[in-house]
Amino acid sequence: MCLCIICNLLYVSCKGLDMQNSTQISFVILTAYIDVGHVKYFYFTILLALYVCIIFANVLLISIIYMDRALHEPMYLFLCSLCVNELNGTTGAFSFLLGNLISNDHEIHLTHCYLQMYCLYTYETVEICHLTIMSYDRYLSICYPLQYNNIMTPNRVCILIVFAWLFSFGQIAVILSLSARLRLCGNIMEKVWCDNYFLIRQSCTDTTVVNIYGLCTAVVLVTVPLVIILHSYIRIFKITFRSSNGPKKSLNTCVPHIVSLLNFSIGCSFDLFQSRAPKLNMPPTLRIIISVYFLMIPPLVNPIMFGLKLTKIRNAYKKIFQRVILVSN
């Protein structure tokens, strides 16, 4: 609901700018799509199947955490919120990708372009916030097991989750509102989805404010999570490897988080690298795969990996499947 309200406000803001300035470019052309003829329907089917798998995996995990009271613990509540964010990000991405894939016209209205960027950038920011919170949660659980329940109270868990979402909504709304006020001199974008960096590069007006804000935001979003995550895992490794009582057991709950963190970070780094190096000699297909990696692979891998590696969730899966088998028999 909150996302819809902010998207509507952003839509009205962008629409108002178009009405005030009739000479402003009103559409963007995405040139990264390759003309593959009728094979595009095959790719469309694959993408649609992938989207259905992502929806199924995340909804299933959310439902299990919601229904099983044994999973109403901070770690699983953070994981549940992470899955909700992945549904938000993939829905925002796939709704545009599937439509553009089968369309012969890859023009997108500027207002819709900003809405798309809002969905994708909030997905990225919420994901970073949740992965950071989850690393700190593991640190408290392993390094301060006796005080953990007093520190991670239900109220604090709720505050952390709400903060991750509201901070992301507000921060992205500000930077896109600043970008929406720029006059564009070009509308060609070598991407399969809208990118604020490409829009700012094609601006005819002064971009100092949006560049400074974007740089400060990027520094905060990289530095703060990096410091918290590194501090958390350095302390975790020190505690677990000093202990003689099964460090592997304590680290088991960290493995899915570490893999998820690396997977998402690598995907974002790939996209950032190829966006900032557009002249790099790279096959078009590889460029497309790199640009959408962080939107497709983490949302599919995360619920499966957490479900297989975390014992409580794995046991909850087994109970549900056993009930299904009993009912069917």
Next on the checklist: I'd like to know whether His257 forms a side chain to side chain donor-acceptor pair (under 3.5 Å) with Tyr233, so could you lay out the CA-CA distance, the side-chain angles of the two residues, the decisive distance to 0.1 Å, and finally the verdict.
Outcome noted: CA-CA 11 Å; His257 176 264; Tyr233 276 107; 2.6 Å; yes

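- Using a distance-only test at 3.5 Å, with no hydrogens or angles considered, no donor-acceptor pair links the side chain of Ser103 to the main chain of Gly99.
- Grouping the Ile, Leu, Val, Met, Phe, Trp and Tyr side chains by contacts below 4.5 angstrom, directly or via other members, places Ile234 apart from Ile133.
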Show me the donor-acceptor pairs within less than 3.5 Å that the side chains of residues 38-50 make with the rest of the protein, sequence neighbours left out.
unit_1, atom_1, unit_2, atom_2, d
Lys40, NZ, Ile102, O, 3.3
Lys40, NZ, Asn104, OD1, 2.9
Thr45, OG1, Tyr41, O, 2.8

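- Formation of a donor-acceptor pair under 3.5 Å by the Glu190 side chain with backbone atoms of Thr31 is not found in this model.
- For the residue pair Trp165 and Thr122, no side-chain donor N or O sits within less than 3.5 Å of a side-chain acceptor on the partner.
- Not counting sequence neighbours, the partners of Tyr33 by the ring-ring contact (aromatic ring centres under 6.0 Å, His included) test are His106.
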What side-chain donor-acceptor pairs closer than 3.5 Å can you find for residues 217-230, not counting sequence neighbours?
unit_1, atom_1, unit_2, atom_2, d
Thr217, OG1, Tyr213, O, 2.8
Thr223, OG1, Val219, O, 2.8

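- Residues satisfying the disulfide bond (SG atoms under 2.5 Å apart) criterion with Cys53, sequence neighbours excluded, are absent altogether.
- A search for ring-ring contact (aromatic ring centres under 6.0 Å, His included) contacts involving Phe163 returns Phe167, not counting sequence neighbours.
- Evaluation of the ring-ring contact (aromatic ring centres under 6.0 Å, His included) test over residues 59-88, restricted to residues two or more places apart or in two chains, returns none.
- Considering only residues two or more places apart in sequence or on other chains, Tyr51 meets the ring-ring contact (aromatic ring centres under 6.0 Å, His included) condition with Phe94.
- Panel note: side chain Asn263, backbone Val259; no donor-acceptor pair is recorded below 3.5 Å.
- A heavy-atom distance below 4.5 Å is found between the side chains of Leu199 and Cys113.
- Side-chain contact between Met152 and Leu160 is present, with heavy atoms from C-beta onward closer than 4.5 Å.
- A donor-acceptor contact shorter than 3.5 Å links the side chain of Trp193 to the backbone of Ser291.
- Taking the six-membered ring where the residue is Trp, the centroids of His130 and Phe264 are separated by 6.0 Å or more.
- Closest approach of Ser168 to Cys129, counting heavy atoms only: OG-SG, 4.1 Å.
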Just distance, no hydrogens or angles: give the donor-acceptor pairs under 3.5 Å from side chains in residues 300-324, sequence neighbours left out.
unit_1, atom_1, unit_2, atom_2, d
Asn302, OD1, Ser260, OG, 3.0
Asn302, ND2, Glu86, OE2, 2.6
Asn302, ND2, Ser260, OG, 3.2
Asn302, ND2, Pro298, O, 3.3
Lys312, NZ, Glu73, OE2, 2.6
Arg314, NH1, Leu308, O, 2.5
Asn315, ND2, Thr311, O, 3.3

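- Ser177 contributes a side-chain N or O that, together with a main-chain N or O of Ala173, makes up a donor-acceptor pair within less than 3.5 Å.
- For Asn196, the side-chain hydrogen bond (donor to acceptor under 3.5 Å, both in side chains) partners at least two apart in sequence or on another chain are Ser179.
- Of the inter-residue distances, the one linking Thr111 atom OG1 with Tyr114 atom OH reads 9.0 Å to the nearest 0.5 angstrom.
- Residues that satisfy the side-chain hydrogen bond (donor to acceptor under 3.5 Å, both in side chains) test with Asp206, not counting sequence neighbours, are Thr208.
- Here the side chain of Thr91 pairs no donor or acceptor atom with the backbone of Asn88 at under 3.5 angstrom.
- Partner of Ser232 under the side-chain contact (heavy atoms from CB on, under 4.5 Å) criterion, chosen from Cys143, Cys254, Ser135: Ser135.
- Of the possible donor and acceptor atoms, one in the side chain of Gln116 sits under 3.5 Å from a partner among the backbone N and O of Cys194.
- For Thr90, the side-chain hydrogen bond (donor to acceptor under 3.5 Å, both in side chains) test picks out no residue, with sequence neighbours left out.
- No donor-acceptor pair under 3.5 Å is formed between the side chain of Asp68 and the backbone N or O of Ile64.
- Here ring-ring contact (aromatic ring centres under 6.0 Å, His included) pairs that include residues 136-162, with residues two or more places apart or in two chains, are Tyr136-Tyr139, Tyr139-Tyr144, Tyr139-His231.
- Note on Leu184: it clusters hydrophobically with Val209, by side-chain heavy-atom contacts below 4.5 Å among ILVMFWY residues.
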